[in-house]
Amino acid sequence: MRLTLVAYEDLQAGDLVAVTPGSAGRAQKAKITTNFETATAVGMAQNTAATGNTVVITTDGPSNPNVYGGALVPGTDYYIGLAAQLVTYDQLKTALQGGSYSFGYLCHVGTAASTDQIGIDLEPPVYVIPSAL
């Protein structure tokens, strides 16, 4: 499913986005080291949009193949990274542990179907303590 929202902040194609009361119902980057609300992604931005402009969000199904063109590994699970972009589990673990975070959220986005597309199948965030990963 695709929906169109107004960007709360500048968004890049491929950013995972959340919608919170703090953003007044607009799309903001999902932030996995802040709180459950901002870590709960509703989908992936399919286009780049400046603050106040519209952005198309894919909530499930295949991503736009131009967003991560050639950068994905088929069959690999991807998660929301610190910069709201897709990362592997190992990349996320390294970033959380190297950043001295006391907590974070593990947010599974989906599994890459090809080098160009991921099947977006968002799961609820799971609270984690980085040193225990």
Side-chain angles (χ1 to χ4, degrees):
M1 176 177 177
R2 293 184 193 264
L3 56 107
T4 302
L5 296 172
V6 174
Y8 176 73
E9 61 187 324
D10 291 348
L11 297 171
Q12 297 295 316
D15 282 345
L16 282 301
V17 299
V19 177
T20 68
S23 66
R26 295 175 284 169
Q28 69 179 58
K29 292 179 183 182
K31 296 168 181 69
I32 62 167
T33 57
T34 305
N35 57 46
F36 183 82
E37 194 174 68
T38 59
T40 304
V42 296
M44 178 187 287
Q46 296 302 300
N47 61 291
T48 297
T51 303
N53 291 321
T54 59
V55 60
V56 176
I57 308 296
T58 298
T59 60
D60 61 0
S63 65
N64 179 337
N66 298 324
V67 173
Y68 282 98
L72 303 175
V73 178
T76 300
D77 287 316
Y78 284 90
Y79 300 84
I80 300 173
L82 295 176
Q85 293 278 321
L86 294 178
V87 295
T88 64
Y89 175 81
D90 288 338
Q91 291 169 327
L92 179 60
K93 177 181 171 182
T94 299
L96 285 172
Q97 290 177 343
S100 300
Y101 295 100
S102 58
F103 73 93
Y105 289 91
L106 185 67
C107 307
H108 186 259
V109 176
T111 305
S114 69
T115 59
D116 300 325
Q117 283 187 303
I118 186 166
I120 300 171
D121 185 21
L122 293 162
E123 294 179 12
V126 175
Y127 183 87
V128 293
I129 298 171
S131 62
L133 291 175

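Listed by chain and residue number, M1 satisfy the side chain to side chain contact (heavy atoms under 4.5 Å, CB included) test with D60 (two or more places apart in sequence, or in another chain). Listed by chain and residue number, L82, L96, Y101 satisfy the side chain to side chain contact (heavy atoms under 4.5 Å, CB included) test with T33 (two or more places apart in sequence, or in another chain). In terms of the side chain to side chain contact (heavy atoms under 4.5 Å, CB included) criterion, residue partners of L3 (sequence neighbours excluded) are, by chain and number, L5, I57, T59. In this structure K31 satisfies the side-chain hydrogen bond (donor to acceptor under 3.5 Å, both in side chains) test together with E9, sequence neighbours excluded. In this structure, the side-chain hydrogen bond (donor to acceptor under 3.5 Å, both in side chains) partners of Q91, at least two apart in sequence or on a different chain, are T88. Take Y8 and apply the side-chain hydrogen bond (donor to acceptor under 3.5 Å, both in side chains) test, not counting sequence neighbours, and it matches no residue. With sequence neighbours left out, the side-chain hydrogen bond (donor to acceptor under 3.5 Å, both in side chains) criterion links T54 to no other residue.
The list of ring pair (Phe, Tyr, Trp, His ring centres under 6.0 Å) pairs with a residue in residues 41-77, not counting sequence neighbours, is empty. Sorted by first then second residue, the ring pair (Phe, Tyr, Trp, His ring centres under 6.0 Å) pairs that include residues 13-32, not counting sequence neighbours, number zero.
M44 and L92 fall within the same hydrophobic cluster, defined by Ile, Leu, Val, Met, Phe, Trp and Tyr side-chain heavy atoms under 4.5 Å apart, directly or through other members.
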Only pairs under 3.5 Å count here: list side-chain donor-acceptor contacts from residues 17-25, not counting sequence neighbours, and write none if there are none.
unit_1	atom_1	unit_2	atom_2	d
T20	OG1	G22	N	3.4
T20	OG1	S23	N	3.2
T20	OG1	S23	OG	3.4
T20	OG1	Q28	OE1	3.4
S23	OG	T20	N	3.1
S23	OG	T20	O	2.9
S23	OG	R26	O	2.8

Pair up each side-chain donor or acceptor in residues 115-133 with any protein partner under 3.5 Å, not counting sequence neighbours, and list the distances.
unit_1	atom_1	unit_2	atom_2	d
D116	OD1	G70	N	2.5
Q117	NE2	S63	O	2.6
E123	OE2	H108	ND1	3.3

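Grouping Ile, Leu, Val, Met, Phe, Trp and Tyr residues whose side-chain heavy atoms lie under 4.5 Å apart, directly or via other members, leaves V56 alone, with no other cluster members.
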